[in-house]
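For this chain, numbers begin at 1 and follow the sequence in order. As a basis for the values below, the full set of heavy atoms in this structure was taken, side chains included, without hydrogen atoms, waters or symmetry mates.
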Amino acid sequence: TPITRFGLRRETIGIGRYSDEYKAKTHPKAPSKGPIDLKYANLTSESVDLKWTAVSLPPDEATVDYYEIILKIDGEKMEYRSNISRRHVTLSRPGVYTATVYARNSGPHRSPPSNIITFNTDGDITQDTGKSLSDGALTAIITSCGVFLLTIVIISFWYYLYKRKDRAK
């Protein structure tokens with residue numbers, strides 16, 4: 001959407017004098033589409049690389065000037081900017097973060113948000129929105145299953161010995 005510029009003056013009735021000119025302009029609309037496919041890579045306890053697919057807008061819409069990245073942890077909100085569709089972010093502390101990205105232009109409004117991702121830098125478990133598990137999480141799941149199966153085997157063996165003892169009587 002084009003930006004319209006206005007020049008306004010006030011005339012004093014009867015005197016014919018004009019005030020100084022007041023200049024104003026309209027702001028462009030926010031981009032109608034937000035970034036898509038937000039992902040993270042190279043996650044450590046201290047930093048993360050965020051990547052997303054850039055906005056593709058119709059020719060009659062305003063351009064995207066930059067992307068606004070918002071990270072949240074325990075109520076703390078951190079905002080970053082990027083002119084390209086990726087950003088390396090230094091994390092303030094270990095924990096569970098959520099991240100989302102918006103497309104912005106010179107206007108006051110932002111695009112719809114990208115998908116929201118969650119990643120955990122606390123310990124060795126790293127995941128995003130529960131869709132994929134790291135080696136640490138997989139190890140924890142396998143260990144839990146192993147303990148459960150071992151418990152079943154012990155109970156079964158104890159039951160077998162108990163029944164065998166009853167048969168001997």
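Under a 4.0 Å N-O distance rule, the pair Arg93/Glu76 qualifies as a salt bridge. A salt bridge between Lys51 and Asp37 is absent, with no side-chain N of the basic residue lying under 4.0 Å from a carboxylate O of the acidic one.
Asn42 and Asp49 are linked by a side-chain donor-acceptor pair at a separation below 3.5 angstrom, with hydrogens and angles left out of the test.
Identified under the ring pair (Phe, Tyr, Trp, His ring centres under 6.0 Å) test for residues 65-97, with sequence neighbours left out: Trp52-Tyr67, Tyr97-Phe119.
Minimum interatomic distance between Ser111 and Gly34 (heavy atoms only, all atoms of both residues): OG-CA, 3.4 Å. Considering every non-hydrogen atom in both Ile73 and Val96, the closest pair reads CG1-O, 3.5 Å. Here the closest non-hydrogen pair linking Ser92 and Met78 is OG-SD, 4.0 Å. The minimum heavy-atom distance linking Pro112 with Pro35 is given by the pair O-CD, 4.2 Å. Summarising the geometry of Pro31 relative to Val64, their closest heavy-atom pair is CG-CG2, 4.1 Å, with the distance given to 0.1 Å.
Hydrophobic clustering, with ILVMFWY side chains joined whenever heavy atoms are under 4.5 angstrom apart, groups Leu38 together with Ile69. Transitive grouping of hydrophobic side chains (ILVMFWY, heavy atoms separated by less than 4.5 Å) keeps Ile70 and Leu50 in distinct clusters.
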Trace of the side chain to side chain contact (heavy atoms under 4.5 Å, CB included) decision for Leu43 with Thr121: CA-CA 8 Å; Leu43 178 64; Thr121 62; 3.5 Å; yes
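A heavy-atom distance below 4.5 Å is not found between the side chains of Ile36 and Ser114.
With sequence neighbours excluded, the residues forming a salt bridge (Lys or Arg N to Asp or Glu O under 4.0 Å) with Arg104 are Glu68, listed by chain and number.
Atom-to-atom distance recorded for Asp65:CG and Asn105:CG is 5.5 Å, nearest 0.5 angstrom. The CG atom of Leu91 sits 6.5 Å away from the CG atom of Leu71 when rounded to the nearest 0.5 Å.
The backbone N or O of Ser47 sits less than 3.5 Å from a side-chain atom of Thr44, completing a donor-acceptor pair.
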